[in-house]
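Residues take their numbers from the sequence shown, with the count starting at 1. Nothing here was measured: the structure is a model prediction, and the numbers come from that model. Atoms within each ligand, like the ligands themselves, are counted from 1 in listed order.
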Amino acid sequence: MKKIAIGSDHAGYELKEHIKNVLMDMDYEVLDVGTDSEAPTDYPYFGFEVAKVVADKKVDAGVLFCGTGIGMSVVANKVKGIRAALVTDLFTAIQSRRHNDANILVLGGRVLGKGLAEEIVKTWLTTPFDGGRHEKRLEKILEWEKEHFK
Ligand code: RB5
């Protein structure tokens, strides 16, 4: 994973800025779709922007931030091909990559401290998908999407 798209609303802005610096320190190329301040805004725009570039494979993965992470998860998981994981602990960060091959990580700016968020991001980005028995489960999701999405 080399290129990461990030996005937040106002409630996730501070954590997004922190994680952006962490990612750049790790030599990731970062595409930041906004928001650019703590002025109140609406999370769907930024969530869909990140989900689109991840689904279109213009980046390798995405990280989204809002207050709880719930709104961004709902938005991102509406997009075909997206497997967004709302993560608050390291075990889930690992499992969301190993078992679910999550392609977007979602974090709650009002839930997580910066230190834990940083560890979650580093762990998530460096944990590979296990494949094997999990492949057929992901294929079932893809089949459903093919049948029901335009
Ligand atoms: C914004 O107040 C807040 O509702 C939003 O950031 C998010 O937590 C929604 O799920």
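Using a 4.5 Å heavy-atom threshold, the side chains of K16 and D32 count as touching. Put simply, the side chain of F46 reaches to within 4.5 Å of the side chain of M72, judged on heavy atoms.
Ranking the protein heavy atoms by distance from atom 8 (O) of ligand 1 puts T68 N, 2.9 Å first. Protein heavy atom in closest approach to atom 10 (O) of ligand 1: G71 N, 2.8 Å. Atom 9 (C) of ligand 1 has Y43 CE2, 3.6 Å as its closest protein atom, hydrogens excluded (heavy atom only). For atom 6 (O) of ligand 1, the closest non-hydrogen atom of the protein is D9 OD2, 2.6 Å.
Within a 6.0 Å sphere centred on CZ of F91, heavy atoms belonging to other residues, nucleotides or ligands number 12 at most.
If you number the atoms of ligand 1 from 1 as listed, the ones under 4.0 Å from a heavy atom of H10 come out as 1 (C), 2 (O). Using a 4.0 Å cut-off to heavy atoms of R110, the atoms of ligand 1 that qualify are 1 (C), 2 (O). For ligand 1 and A11, the ligand atoms under 4.0 Å from any heavy atom of the residue are 6 (O).
Using cut-offs of 30° and 60° on the angle between ring planes, the pair H134 and F129 is tilted.
Looking at D9, its side chain does come within 3.5 Å of a backbone N or O of G12 through a donor-acceptor pair.
Under a 4.0 Å heavy-atom criterion, M72 is not in contact with ligand 1.
Both the backbone and the side chain of C66 come within contact range of ligand 1, each with a heavy atom under 4.0 Å.
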Practice item. Applying side-chain contact (heavy atoms from CB on, under 4.5 Å), run through L31 and V53 and close with a yes or a no. Key: CA-CA 10 Å; L31 169 69; V53 290; 4.2 Å; yes
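In terms of polar-atom proximity, defined here as any N/O pair under 3.5 Å, G67 does make such a contact with ligand 1.
Within 4.0 Å of atom 2 (O) of ligand 1, at least one protein heavy atom is present.
None of D89, L112, L90 except one satisfies the side chain to side chain contact (heavy atoms under 4.5 Å, CB included) rule with E119; the exception is L90. Just one of T68, V106, I104 meets the side chain to side chain contact (heavy atoms under 4.5 Å, CB included) condition when paired with L86; it is V106.
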